[in-house]
Amino acid sequence: AFVASRFPLEEATLPELSERTKISEGKLLPILDAMADKGLVMDMPYGGTVYYLLMPGLIGFFEFTFMKRRADLPLEKIARLMSEYLAESQAKEFFGSPTPLTRSLVYEENVPVTSEITTYERAREIIREAGFGAVGLCYCRHKKEHLGEECKKGAPVEEICISLGSAARFMARRGFAREKSVDELLAVLDRARSLNLTHITDNIRLKPSFICNCCRCCCELLAGVQMGYHDGIAKTGFAAAVDPQFCDYCGACFTACNVKAIGPVKGERAAGKKKRHAAVSEEICLGCGACIATCKKGALTLIPARNRPVPPLKRKDLYFRILREKGRLTPYIVGGIRKGLRDLLKGKVIPAKVPIINE
Ligand code: SF4
Ligand code: SF4
Ligand code: SF4
């Protein structure tokens with residue numbers, strides 16, 4: 001905890017952390033290694049130097065705690081405490097910003113033929129362009145497992161969460177995930193689609209670091225939308241729509257939707273079942289397409305949605321925007337200026353490209 005409390009907001013090298021903690025580099029290195037193994041710190045080799053970044057709680061060491069099968073922690077107790085903490089105090093913090101941290105991805109095969117989607121909207125292209133990918137445990141379903149619950153859609157705990165790029169390298173190196181080929185990662189996407197799971201990724205266009213495959217019963221991100229934070233996950237450029245002409249109100253799509261965006265048409269509840277139809281709430285629908293294949297009557301399709309904002313380009317743009325919206329930009333900027341001045345006074349060459357924050 002002492003070492004964590006001495007971390008700056010941005011990444012730092014071993015000598016910088018040694019100076020901040022007054023612990024010699026020789027003694028500090030195994031401490032940082034142990035913290036990285038637990039997911040408290042991310043270590044990133046870059047240009048011959050290792051940079052260390054303290055992980056935030058969400059998305060960060062909360063998830064990492066449940067991304068390994070481990071016997072060194074009371075996981076059942078932690079699962080319960082984390083669920084209470086998230087429900088009681090963190091939902092607004094996580095989902096309440098106008099710019100969400102995450103966004104959903106559409107099933108490309110359900111996009112109408114008259115519409116086009118760009119590379120950053122295609123899960124398969126994101127995987128192909130990542131350069132490195134790994135697959136690991138689903139943190140949410142693993143946590144539920146320790147609470148005695150299991151996924152009602154039959155989604156697995158193992159080998160379903162995809163991490164990409166530098167994040168994936170870190171996870172593979174530290175035993176949180178296993179390296180996979182592009183074809184193997186694409187097979188994970190197909191498996192997720194066969195289970196009608198919703199893909200969720202970083203709300204950025206360039207190099208997202210993960211694709212989660214999420215269910216309506218266990219996923220904490222989708223739970224935020226179900227709790228009423230309808231823009232807590234950025235939507236795709238589409239929304240599901242029901243053609244009442246073909247809908248026989250079978251209800252298959254009600255339970256398929258991972259954010260409970262489909263229900264009976266208002267005012268039709270009193271009508272006989274034969275006269276009722278399903279309706280989609282465009283305010284809630286993420287446009288993920290996970291429900292489409294469940295409608296055997298061909299009544300469900302995706303249609304282009306209006307006013308869906310373009311995601312920020314890079315991670316730093318996303319954080320900048322969120323911090324500005326929360327009125328917390330000043331410490332971030334002051335921290336950056338202080339670090340720049342310190343480096344300048346020491347005559348250090350500042351790397352042209354800082355590793356993960358800018359990706
Ligand atoms: S966000 Fe979705 S896939 Fe990711 S850990 Fe949670 S349920 Fe699993
Ligand atoms: S109704 Fe919308 S959010 Fe729900 S599964 Fe279908 S496309 Fe996704
Ligand atoms: S699955 Fe299709 S037919 Fe059944 S309620 Fe949904 S839209 Fe209607």
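Order of listing sets the numbers, starting from 1, for every ligand and every atom in it.
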Minimum-distance protein heavy atom relative to [atom]:
{"atom": "atom 3 (S) of ligand 2", "answer": "Leu286 N, 3.2 Å"}
{"atom": "atom 4 (Fe) of ligand 2", "answer": "Cys257 SG, 2.3 Å"}
{"atom": "atom 8 (Fe) of ligand 2", "answer": "Cys288 SG, 2.3 Å"}
{"atom": "atom 6 (Fe) of ligand 2", "answer": "Cys291 SG, 2.3 Å"}
{"atom": "atom 2 (Fe) of ligand 2", "answer": "Cys285 SG, 2.3 Å"}
{"atom": "atom 7 (S) of ligand 2", "answer": "Gly289 N, 3.2 Å"}

2.8 Å shell around atom 2 (Fe) of ligand 3, exclusive bound, protein N/O/S atoms: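 My tally for this metal is 1.
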Lys/Arg-Asp/Glu bridge criterion (N-O < 4.0 Å) met for Glu158, Arg69: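 Yes, this pair counts.
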Test side chain to side chain donor-acceptor pair (under 3.5 Å) applied to Asp37 and Lys68, Arg173, Arg174, the passing residue: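 With Asp37 as partner, side chain to side chain donor-acceptor pair (under 3.5 Å) holds for just one option, Arg174.
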Under 4.0 Å to a heavy atom of Ile262 - the qualifying atoms of ligand 2, by number: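 Close to Ile262: 1 (S).
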Atoms in ligand 2 with a heavy atom of Val259 nearer than 4.0 Å: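 Answer, ordered by atom number: 3 (S).
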List, one per line, each side-chain donor-acceptor pair under 3.5 Å for residues 125-133, sequence neighbours excluded.
residue	atom	partner	partner atom	Å
Glu125	OE2	Arg128	NH1	2.9

In one Ile/Leu/Val/Met/Phe/Trp/Tyr side-chain cluster, 4.5 Å: [X], [Y]:
{"X": "Phe320", "Y": "Val310", "value": "no"}
{"X": "Val106", "Y": "Ile262", "value": "yes"}
{"X": "Val188", "Y": "Tyr107", "value": "no"}

Residue pair Ser97 / Lys326, side-chain heavy-atom distance below 4.5 Å: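 Yes; the side chains approach each other to less than 4.5 Å.
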Tyr46 side chain near Glu11 side chain, heavy-atom distance below 4.5 Å: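 Not touching, per the 4.5 Å side-chain cut-off.
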Lys153 atom NZ, over 12 foreign heavy atoms within 6.0 Å: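 Yes, because the 6.0 Å sphere around NZ of Lys153 holds more than 12 heavy atoms from other groups.
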Salt bridge (Lys or Arg N to Asp or Glu O under 4.0 Å) partner of Lys144, chosen from Glu150, Glu149, Glu76: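 Of all the options given, the one that passes is Glu149.
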Ligand 2 versus Ile284: contacting region, heavy-atom distance under 4.0 Å: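 The answer is neither.
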